[in-house]
There are 2 protein chains.
Amino acid sequence: MGALAMPTDTKTALLDSAERAARSQGFDGFSYADLAEDVGIRKASIHHHFATKAALSVAMMQRYRLGLESACQQIDDTYTSGRDRLLALVGVYRDALRGGKSLCLCVSFSASRASLHRDVIAEIKLFRLMMLKWIATVFELGKSDGTIRAVSDPEREAAATLSLLEGAQLAARAEEDMALYEKALSLLLDRTH
Amino acid sequence: MGALAMPTDTKTALLDSAERAARSQGFDGFSYADLAEDVGIRKASIHHHFATKAALSVAMMQRYRLGLESACQQIDDTYTSGRDRLLALVGVYRDALRGGKSLCLCVSFSASRASLHRDVIAEIKLFRLMMLKWIATVFELGKSDGTIRAVSDPEREAAATLSLLEGAQLAARAEEDMALYEKALSLLLDRTH
DNA sequence: ACTTAGCTACCTACTAGTAGGTTTCTCACA
DNA sequence: TGTGAGAAACCTACTAGTAGGTAGCTAAGT
């Protein structure tokens with residue numbers, strides 16, 4: 001997420017631009033015209049790569065899901081304790097906020113559900129399912145290695161944590177204040193000391 | 001919220017219609033045309049009541065904030081324990097979901113921050129501040145009357161709880177599944193048995 | 001007489017999308 | 001090596017509809 005390398009092709013550039021736009025302005029708040037201007041091609045050219053805005057959105061959300069899946073895999077490869085993995089996840093969601101200027105794509109899209117194609121909604125469900133499963137493994141690990149305190153049911157911990165992360169993002173985004181993200185997460189993080 | 005009584009005037013009908021629209025479709029996802037059709041007046045007539053969409057949104061968000069403030073006051077008047085007040089709050093947010101078809105206005109608007117007038121954002125901040133203060137009093141009460149377990153810092157509990165409520169709404173809205181709301185809240189509710 | 005609350009008509013700007021064309025590149029074939 | 005066909009990736013021009021908003025009018029109520 002947010003790689004510094006420039007994309008090598010127009011299609012990737014369009015996906016990057018669309019993701020930034022969607023995460024800060026929402027699905028209904030950006031247009032093909034915005035992407036055309038940002039990427040430097042004519043609006044009609046976008047339809048060559050993505051026939052419809054819905055198709056673009058499906059590709060965007062799928063790419064995002066695979067990116068987060070990869071990020072979770074990297075966390076697993078890097079950290080061995082439940083505590084460190086949880087902290088890394090909180091960091092991923094913090095970074096996605098970009099100082100309060102944007103949201104996780106899943107959060108942004110979820111709020112615009114009424115405007116989304118069913119295939120985008122299906123991608124969101126897959127994303128959520130993947131995140132819930134992974135977060136549950138983090139709590140299972142934290143419970144067994146003792147690095148996260150007071151873990152009851154990892155599945156319910158995962159449900160609560162994903163909601164907490166997304167809600168904390170909304171708070172920080174609404175007021176463009178990262179301190180709100182930190183405060184919302186602080187009790188959860190206290191369980192990792 | 002969601003009173004059955006029909007509004008007595010067009011302005012109130014417009015606010016009701018706009019709120020329903022904004023909560024299910026987001027700020028950028030509904031239009032004056034939608035409201036005109038719903039209320040049964042011409043689009044241009046809306047401008048008589050609300051000169052701009054921004055003005056309509058400020059009025060909407062202010063009305064919502066006052067409504068929630070009143071709802072919290074009613075909870076205080078009805079319940080004496082921290083536990084019952086917390087449960088009532090969770091119920092208010094559950095009702096706002098309308099079976100997964102809509103969101104709390106604050107959640108919906110927060111996701112569209114980029115499109116909002118600064119006066120709407122100011123109303124959102126007031127709303128959040130009011131909710132955080134009130135929820136903190138609920139945890140203070142729950143801590144002192146022993147009806148909520150493991151209360152550490154009421155202020156941080158409030159920050160976590162508001163985020164959890166909003167995130168749980170997003171989950172339920174994304175998949176139109178109220179069970180997701182219940183699951184996300186279940187560990188918190190366990191602390192009230 | 002003034003105000004309110006609606007109306008029609010119209011404005012500019014924007015939206016997603018379509019149609020048909022041009023340019024450049026690649027590959028197969030003679 | 002040159003040529004031609006086809007594909008890819010862009011272009012201009014356009015469509016139909018929608019967006020928020022304005023101007024001026026009318027009728028009813030106070």
Side-chain angles (χ1 to χ4, degrees), chain A residues 6-61 108-109 111-121, chain B residues 6-61 63 108-109 111-121 123:
Chain A
M6 300 301 290
T8 55
D9 62 305
T10 304
K11 189 166 187 171
T12 302
L14 284 169
L15 284 168
D16 287 346
S17 179
E19 184 181 310
R20 285 194 298 274
R23 284 169 55 190
S24 60
Q25 293 159 269
F27 178 80
D28 294 306
F30 80 96
S31 64
Y32 264 36
D34 295 327
L35 308 187
E37 186 173 356
D38 186 49
V39 169
I41 61 176
R42 291 311 207 221
K43 190 173 70 68
S45 303
I46 301 177
H47 292 281
H48 169 75
H49 298 285
F50 301 99
T52 63
K53 195 176 184 185
L56 168 66
S57 303
V58 174
M60 197 195 316
M61 189 65 221
S108 176
F109 268 4
S112 303
R113 188 204 203 277
S115 303
L116 300 179
H117 190 276
R118 75 173 76 86
D119 292 343
V120 182
I121 295 169
Chain B
M6 300 301 288
T8 55
D9 62 306
T10 303
K11 187 165 187 171
T12 302
L14 285 169
L15 283 168
D16 288 346
S17 180
E19 185 182 307
R20 285 195 298 274
R23 286 169 53 191
S24 59
Q25 293 160 272
F27 178 79
D28 294 305
F30 81 95
S31 64
Y32 264 34
D34 295 327
L35 308 186
E37 186 175 356
D38 186 49
V39 169
I41 62 176
R42 292 306 209 223
K43 189 169 72 71
S45 303
I46 300 177
H47 293 280
H48 169 75
H49 299 284
F50 303 100
T52 64
K53 193 178 186 185
L56 167 66
S57 303
V58 173
M60 197 195 316
M61 189 66 220
R63 187 180 80 145
S108 177
F109 268 4
S112 303
R113 188 203 204 279
S115 303
L116 300 179
H117 189 276
R118 75 174 75 88
D119 292 342
V120 183
I121 294 168
E123 278 296 332

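Every chain is numbered from 1, with letters handed out A, B, ... down the list of sequences.
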> Are the side chains of B:Asp16 and B:Arg63 in touch, meaning some heavy atoms are under 4.5 Å apart?
Replying inline: yes

> 5'-most contact on DNA chain C: A:Gly29 or A:Ala51, nearest heavy atom basis?
Replying inline: A:Gly29

>> Distance check needed: D:dA19 P versus B:Glu37 CD, whole Å only.
In response: 11 Å

> For A:Ile46 and C:dT15, what is the distance between atoms CD1 and C1' respectively, to the nearest whole Å?
Replying inline: 12 Å

> Of the nucleotides D:dG21, D:dT12, C:dG17, which has the atom closest to the A:Thr52 side chain?
Replying inline: C:dG17

> Could you state the interatomic distance from CZ (A:Phe27) to CE (A:Met60), rounded to the nearest 0.5 Å?
Replying inline: 7.5 Å

> Which is true for B:Ser45 with a 4.0 Å heavy-atom rule: it touches a base, it touches only sugar-phosphate, or it touches nothing?
Replying inline: base

> For B:Phe27 and D:dA19, what is the distance between atoms CZ and P respectively, to the nearest whole Å?
Replying inline: 13 Å

> Roughly how many Å is it from OH in B:Tyr32 to P in C:dA13, rounded to a whole number?
Replying inline: 20 Å

> Hey, is the side chain of A:Ser31 poking within less than 4.0 Å of OP1 or OP2 on C:dT15, counting only N and O atoms?
Replying inline: yes

> Roughly how far apart are A:Leu56 CG and A:Phe30 CZ, rounded to 0.5 Å?
Replying inline: 5.5 Å

>> If I take atom NE2 in residue A:His48 and atom P in nucleotide C:dC25, what distance separates them, rounded to the nearest angstrom?
In response: 15 Å

> When the distance from CD1 of B:Ile41 to C1' of D:dA27 is rounded to whole Å, what number comes out?
Replying inline: 17 Å

> Can you check the B:His47 NE2 to C:dC11 P distance for me, whole Å?
Replying inline: 16 Å

> Which part of the nucleic acid does A:Phe30 contact within heavy-atom distance under 4.0 Å: base, sugar-phosphate only, or nothing?
Replying inline: sugar-phosphate

> 5'-most contact on DNA chain C: A:Asp34 or A:Ala44, nearest heavy atom basis?
Replying inline: A:Asp34

> What nucleotide among C:dA16, D:dT12, D:dA19 has an atom nearest to a side-chain atom of B:Ala33?
Replying inline: D:dA19

>> Measure NZ/B:Lys43 against C1'/C:dG6 and give the value in whole Å, please.
In response: 15 Å

> Quick one: is B:Thr10 getting a side-chain N or O under 4.0 Å of the C:dG6 phosphate, OP1 or OP2?
Replying inline: yes

> Is the side chain of B:Ser57 donor-acceptor paired with the backbone N or O of B:Lys53 at a distance under 3.5 Å, no angle test?
Replying inline: yes

> Taking the inter-plane angle between the rings of B:His47 and B:Tyr32 on a 0 to 90° scale, is it parallel (under 30°), tilted (30 to 60°) or perpendicular (over 60°)?
Replying inline: tilted

> Nearest of C:dT8, C:dG17, C:dG6 to any side-chain atom of B:Arg42?
Replying inline: C:dT8

